[in-house]
Number of protein chains: 2
Amino acid sequence: MTSPPDSALHSDAANPSRREQILRAAAQLFAERGSRAVGVDDVGAAVGVTGPAIYRHFASKDAMLAEMLLRISERLLAGGTERIAAAGDSPAAQLRALVDFHVDFALDNPALITVQDRDLGALSDPDARRVRQLQRSYVEEWVAVLVRVHPDASTAACRARAHAVFGLINSTPHSAGRLARPTMAALLADMAIAAATA
Amino acid sequence: MTSPPDSALHSDAANPSRREQILRAAAQLFAERGSRAVGVDDVGAAVGVTGPAIYRHFASKDAMLAEMLLRISERLLAGGTERIAAAGDSPAAQLRALVDFHVDFALDNPALITVQDRDLGALSDPDARRVRQLQRSYVEEWVAVLVRVHPDASTAACRARAHAVFGLINSTPHSAGRLARPTMAALLADMAIAAATA
DNA sequence: GGGTGAGGTTAACCACCGTTCACACTGTCG
DNA sequence: CGACAGTGTGAACGGTGGTTAACCTCACCC
């Protein structure tokens, strides 16, 4: 409202639509308190409107959470696919690419990381199924690479390995901002590679 | 009820008091759905009583959660202290002792691990402070060891390292039971050591 | 200039859930 | 036997919070 240039009707990263503002604010609040502890009034207040105004943009509070989690899973899966393709054939290079990608994502979106594994259970059954399917696909990308890194290890072991590496990298929200971003990124990536290749 | 030997009035691990049964059932339910999504009636039903019966054993639902989290933090802190003392002077041996301890704890109590970092925010302010203080003490035990393992690294970096290792080991609830317990324990411990010493 | 549609507001509705209450049952102890 | 403590029950209360309804306003456009 104060800034004149709102070209069309929609978002542009720097000038996000109301809908986008709501999703971002909700992600932040959900990460801090958990989705069930955050009221629609809280989300509204965070973007300067009242609670019921939310319903002009989302069918329900659950739909908001569903869209949030679906987007995260899709971004991770798409990003993983892309990075693997760009990394060439070497398993080590592919692993490094995946690690770097996931570290960047986690450092850029700590709130999303938190919500993703805390509030999955709050989704409706069909939404939860869809999100889990995307997550599974992403995990399997990692597993495929890890199987090539450890030719004599079982797939199950590689899957456990992948989850462990996710846990390591996703610890970011817990050790918030005490280290400069590049330092933190390098530390996490080194640890992740070491754990994944141990 | 089926087993005759209920010597005094109280618990004995195999024959836990009603109070203890409630805490265990609640931990399980809280881990599965999140404390705010679990009703008092659910907890009651899980031990074969109605919801209000809970109040014969706990002052409130929040008090239940508080006791649960306090116990976890205390067990971790006490266990860590004990294992370090028993490990001798070598930093590498102390690290190995901490890792083995934490891996065992996580594999034995996946539900508690989940609740601990998902529902801390649901605690009342004074309870949350107390739990965080215990957690911090436990983290600092790890940091002290890690500082000796990495003499030229900053304390802040070692703290981030500790959180990352926790994330790695605490991934257990996500990769539930596909691997035999000893295999899983060895895998996690090896990865944790590799990450911690990278 | 009046119809239209997008986006907000306030007030009300309603379901759910933590908590309390009044009462019942069962043992033990004096 | 009768008090009493411990534990459980069903019913009721009250707050919270998601959702809907009715109404308003403004930008836009033929």
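Chain letters run A, B, ... following the sequence lines, proteins first and then strands; every chain starts at 1.
The listed nucleotides are D/dT9, D/dC23, C/dT19; the one nearest the side chain of B/Y55 is C/dT19. Ranking C/dG18, D/dA21, D/dG8 by closeness to the A/P52 side chain, first place goes to D/dA21. In this structure, of D/dT7, C/dT9, D/dG18, it is D/dG18 that holds the atom nearest to the side chain of A/K61. Taking every side-chain heavy atom of B/R18 into account, D/dG8 is the closest of D/dG8, C/dT10, D/dT9. In the set C/dT19, D/dG18, D/dA22, the nucleotide with an atom closest to the side chain of B/S60 is C/dT19. Among C/dG8, C/dT19, D/dT9, the nucleotide with an atom closest to any side-chain atom of A/A53 is C/dG8.
Residue contacts shown for A/V40 include a base, since a base heavy atom lies under 4.0 Å away. Contacts of A/V38 with the nucleic acid, taken as non-hydrogen atoms under 4.0 Å apart, involve only primed sugar atoms and P, OP1 or OP2.
Classification of B/R136 and B/E140 as a salt-bridged pair fails, no side-chain N sitting under 4.0 Å from a carboxylate O. Using a 4.0 Å cut-off between charged nitrogen and carboxylate oxygen, A/R118 and A/E32 do not count as a salt-bridge pair. In this structure, B/E20 does not pair ionically with B/R24, as no charged nitrogen and carboxylate oxygen lie closer than 4.0 Å.
Comparing A/I22 and A/R36 by the nucleotide of DNA chain C whose heavy atom lies nearest to each, the residue mapping closer to the 5' end is A/I22.
Note on B/T50: every side-chain N or O is 4.0 Å or more away from OP1 and OP2 of D/dG8.
As rounded to whole Å, 16 Å separates atom P of D/dC26 from atom CZ of A/R56.
Cation-pi contact between A/R19 and A/F58: present, with separation from the ring centre below 6.0 Å and deviation from the ring axis of at most 45°.
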